[in-house]
Visitor: 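Structure provided below as structure tokens; questions to follow.
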Amino acid sequence: MGRRCAQSRQWNELQRRGFPVVVIVLTACPPGLRGHLTRWLLEISAGVFVGKVSSRVRDELWAAVIEHCKSGKAFLVEPAQNEQGYAFRTHRHEWEPIDLDGLSLILRPSEAPPNSGMRRGWSKAAQYRRSRK
């Protein structure tokens, strides 16, 4: 109980100091969307936006990204009250965030081409190790 209270106090202190940092990464999105995001965030590289905004502004920006992204991809890293201190959101992205024992990780698709003959899933050695636990 003491640890959770300490974490809550630390989180409240961070919130009081200012808004946490938000990162949005766009791929193959229209220039108008990038221009819209530069009103609120700083574009540090092509398609990479960073800034300190409130959660309301962040959610509105994400809604605008989803609406105007068309066939492009988007990735958002936002602050969260967890062990890592951040969480992910994706839109039309092959990489998907997953939760593994309370940690947010990114699951990337297999690099093997679909007709390469390689099977997907666990190897025999991994299956053996998992069955011994």
Side-chain angles (χ1 to χ4, degrees):
M1 183 173 127
R3 183 175 179 198
R4 186 163 297 270
C5 290
Q7 288 176 345
S8 180
R9 272 187 258 122
Q10 289 172 349
W11 178 257
N12 291 337
E13 180 64 27
L14 288 174
Q15 290 292 334
R16 202 171 330 121
R17 288 184 194 166
F19 302 122
V21 173
V22 171
V23 179
I24 297 178
V25 180
L26 301 177
T27 306
C29 289
L33 176 59
R34 291 174 60 184
H36 179 70
L37 289 177
T38 56
R39 295 178 193 165
W40 297 94
L41 305 171
L42 179 65
E43 188 171 14
I44 60 171
S45 184
V48 180
F49 299 87
V50 178
K52 293 172 83 174
V53 294
S54 67
S55 59
R56 183 176 181 180
V57 172
R58 177 191 67 223
D59 292 339
E60 291 294 326
L61 288 174
W62 186 246
V65 166
I66 290 172
E67 182 181 344
H68 296 78
C69 199
K70 297 186 181 173
S71 63
K73 303 175 192 173
F75 199 87
L76 170 75
V77 181
E78 62 184 336
Q81 193 171 3
N82 58 19
E83 289 290 325
Q84 290 172 302
Y86 55 87
F88 306 107
R89 293 189 209 178
T90 61
H91 178 68
R92 289 195 182 125
H93 211 287
E94 300 91 30
W95 296 8
E96 62 179 285
I98 60 169
D99 183 71
L100 184 67
D101 293 334
L103 293 176
S104 294
L105 301 175
I106 300 297
L107 178 64
R108 299 191 317 179
S110 175
E111 297 293 325
N115 297 330
S116 67
M118 294 181 67
R119 293 185 353 208
R120 295 179 59 108
W122 298 95
S123 68
K124 296 244 185 226
Q127 290 174 1
Y128 179 73
R129 277 194 302 268
R130 291 186 77 193
S131 68
R132 291 187 54 146
K133 288 184 178 180

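Computed from heavy atoms alone, side chains included, the values below leave out hydrogens, waters and symmetry copies.
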Visitor: Closest heavy-atom contact between Cys29 and Leu33?
Guide: CB-CD2, 4.0 Å
Visitor: Show the nearest heavy-atom pair for residues Ala80 and Ala87, with the distance to one decimal.
Guide: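 Ala80 and Ala87 have their closest heavy atoms at CB-CB, 3.8 Å.
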Visitor: Would Val57 and Ile66 show up in the same hydrophobic cluster when neighbours are defined by side-chain heavy atoms closer than 4.5 Å?
Guide: yes
Visitor: I'd like to check the side chain to side chain donor-acceptor pair (under 3.5 Å) partners of Glu43; sequence neighbours left out, ordered by chain and number.
Guide: Arg34
Visitor: If every non-hydrogen atom of His93 is compared with every non-hydrogen atom of Ala74, which pair is closest and at what distance?
Guide: CD2-O, 4.1 Å
Visitor: Taking ring-ring contact (aromatic ring centres under 6.0 Å, His included) as the test, write out the residues that go with Phe88, two or more places apart.
Guide: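 Result, ring-ring contact (aromatic ring centres under 6.0 Å, His included) vs Phe88: Phe75, Tyr86.
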Visitor: Would you compute the distance between atom CD1 of Ile98 and atom CG of Leu107 and round it to the nearest 0.5 angstrom?
Guide: 5.0 Å
Visitor: Would you mind reporting whether Pro79 and Val21 have side-chain heavy atoms less than 4.5 Å apart?
Guide: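 When only atoms from C-beta onward are counted, Pro79 and Val21 do not touch, as no gap falls below 4.5 Å.
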Visitor: Quick check for you: to the nearest 0.5 Å, what is the distance between Leu61 atom CG and His36 atom NE2?
Guide: 5.5 Å
Visitor: Can you check whether Ser55 reaches Glu78 side chain to side chain, under 4.5 Å on heavy atoms?
Guide: no
Visitor: Taking atom NE2 of His91 and atom CG of Leu76, what is their separation to the nearest 0.5 Å?
Guide: 12.5 Å
Visitor: Any side-chain heavy atom of Leu26 sitting closer than 4.5 Å to one from Phe49?
Guide: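 Yes, side chains in contact.
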Visitor: Could you check Thr27, Val25, Thr90 and say which one makes a side-chain contact (heavy atoms from CB on, under 4.5 Å) with Lys73?
Guide: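 Between Lys73 and the candidates, side-chain contact (heavy atoms from CB on, under 4.5 Å) is satisfied uniquely by Thr27.
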Visitor: Within the supplied structure, the quantity of interest is the number of heavy atoms (other residues, nucleotides, ligands) at a distance under 6.0 Å from Trp62 CH2; does it exceed 12?
Guide: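 Yes, CH2 of Trp62 has more than 12 neighbouring heavy atoms, counting only those of other groups under 6.0 Å.
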Visitor: State, with a plain yes or no, whether a side-chain heavy atom of Glu83 is found less than 4.5 Å away from one of Asp101.
Guide: no
